[in-house]
Number of protein chains: 2
Amino acid sequence: MHQPLQCVKILHMNEEVGLRERKKRERRRCIEDAAIDLFEDHGFDRTTIDQIAAAADIAPRTFFSYFPTKEDVVLADYSTRLERIIDELRERSESEPPWDALQASFLVVAADYEAARDDLVRRFTIMAANGTVYARSLQLQAGWEDALAEVLRQRANQKTEDLESRLLASTALACMRSSLRHWLLTGHNAALPALIQTCFGQLADGLTHSR
Amino acid sequence: MHQPLQCVKILHMNEEVGLRERKKRERRRCIEDAAIDLFEDHGFDRTTIDQIAAAADIAPRTFFSYFPTKEDVVLADYSTRLERIIDELRERSESEPPWDALQASFLVVAADYEAARDDLVRRFTIMAANGTVYARSLQLQAGWEDALAEVLRQRANQKTEDLESRLLASTALACMRSSLRHWLLTGHNAALPALIQTCFGQLADGLTHSR
DNA sequence: CCAGAATATCGCAGGCACTGCATTCTTGCA
DNA sequence: TGCAAGAATGCAGTGCCTGCGATATTCTGG
């Protein structure tokens, strides 16, 4: 119904990236860079919105039209990556076992993590050092857990919220967090996808035979 | 006052519960009750510290000598329960497989949850309805995950932080959250320990054969 | 029982994140 | 070019949270 119309609109926007849209993206990036520099130099807590605004050459009020909270500057495109996992999962065959589908979906995005390695390490380092930033990231992950569980529920033709889908989504995210943490702590030299695969594999085989 | 001096002294020496300590606990409980009533009636966001203080008959400033943040009133004794899981895990034989030990430790505390059912349901309901409270609970859980992983690491005689211990701790907490959520959504009629056992069992057997 | 030590409560001033609203400026389009 | 949409800004205000100094309460040793 609205599908054709939407396509036209999207195409139109992609062809002509107006000055307005371009400036908005530039400024957003500018705020991110300025903020992350300040966070690294003086710490997250000791950096104020006013300081970020000054460094990014915007009015303090303007900051909040780009990011809802100070924490979200660090997480920024975090959300788009996780949304991609969900898209990936939706496109996979329903005949595939749910855990396999989850693993495959996470691995696709994990490969991208390697590409933007340095930038991600900076952000994750700030996140690991500050409780409120980490709390915010967990809060966002809770939202994605809901979305993941919902997709899994539909795949299994469950009518109501079921424990199994929730558990699968929750453990998948646990795999991701554990892998990311280990990746950071070990100097992010190992391949992230391999770590994730290890975690998913462990849970696939069962934890009774662990160790 | 009405009691003989000797009794007071004996009580003090044996239990160390002076008037000071007793009043502190009473007031803490009083603040919790007042706050939770207000949260239920007007919502967490629409309740201010000043309102809580007025209802609990204390100065607003005093609130923060009992709770570090507004969110923590809802979570209150949450932390002591999770600490008990860690104590339980420490006392278990090291020959026991880690996942079995984790399951047993969580089940012990889950039984207590049933005892304080109504109070917990009130708190969890507020938590489920408010993002910042849930975020705070996840932040606290992250701390317990660290502690759990550390105990598991020592059990396995690992020298440095290892991926396996972290994954075990993380998935165990995922089991707990999933179970609690399902318990709440289904009208908290089912036995919580049974739900937790289901989750742990699923992961013990392996997720490849899921569904 | 009573001073002084230890500790709790309280009031005050202030910092900072975040919001709503009204105004001004920039950009897109006819 | 002129007008409508949207972005940036300034301002005033709310509310959480903190440090500090003053006051009140409880504990302890004599």
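Convention: sequence-line order gives letters A, B, ...; per-chain numbering from 1. All of these numbers come straight from a predicted model, not from anything done at the bench. Side-chain atoms are counted along with the backbone in the values below, which use heavy atoms only and exclude waters and symmetry mates.
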Nucleotide [N], atom [atom2] - distance to [atom1] of [X] in whole Å:
X	N	atom1	atom2	value
B/Arg20	D/dC27	CZ	P	6 Å
B/Arg136	D/dC16	CZ	C1'	13 Å
B/Lys24	C/dA6	NZ	C1'	13 Å
B/Asp72	D/dC16	CG	C1'	13 Å
A/Glu21	C/dT27	CD	C1'	13 Å
B/Arg22	D/dT25	CZ	P	16 Å

query = C/dA8 phosphate, OP1 or OP2: any side-chain N/O from B/Tyr66 under 4.0 angstrom?
reply = no
inquiry  = Any side-chain N or O of A/Lys23 below 4.0 angstrom from OP1/OP2 of C/dT27?
reply    = yes
message = Regarding A/Arg29 and A/Glu26, does a basic nitrogen lie under 4.0 Å from an acidic carboxylate oxygen?
response = no
message = Counting the atoms with a prime plus P, OP1 and OP2 as sugar-phosphate, which does A/Arg27 contact under 4.0 Å by heavy atoms, base, sugar-phosphate, or nothing?
response = sugar-phosphate
query = What nucleic acid atoms does A/Phe67 come within less than 4.0 Å of, heavy atoms only: base, sugar-phosphate, or nothing?
reply = nothing
ask   = Does the side chain of B/Val109 come within less than 4.5 Å of B/Glu88's, by heavy atoms?
value = no
request  = Evaluate the side-chain proximity of A/Leu138 to B/Gln141: yes if any heavy-atom separation is below 4.5 Å, no if none is.
outcome  = no
Return the polar atom pairs (N/O with N/O) between nucleotides 17-20 of chain C and the protein under 3.5 Å, or none.
residue : atom : partner : partner atom : Å
C/dA17  : OP1  : A/Thr47 : O            : 3.4
C/dA17  : OP1  : A/Lys70 : NZ           : 3.2
C/dA17  : OP2  : A/Ile49 : N            : 3.2
C/dC18  : OP2  : A/Lys70 : N            : 2.8
C/dG20  : N7   : A/Arg61 : NH2          : 2.9
C/dG20  : O6   : A/Arg61 : NE           : 2.4

query = Any side-chain donor paired with an acceptor under 3.5 Å for B/Asp162 and B/Ser165?
reply = yes
Pair A/Thr80-A/Asp77, side-chain donor/acceptor within less than 3.5 Å = no
note = Taking every heavy atom of A/Leu163 against every heavy atom of B/Leu195, the minimum-distance pair comes out as CD2-CD2, 4.0 Å
ask   = Does B/Lys24 count as lying over the ring of B/Tyr66, i.e. NZ or CZ under 6.0 Å from the six-ring centre, within 45 degrees of the axis?
value = yes
task = Would you mind telling me which of D/dA8, D/dG10, D/dT26 lies closest to the side-chain atoms of A/Thr62?
result = D/dA8
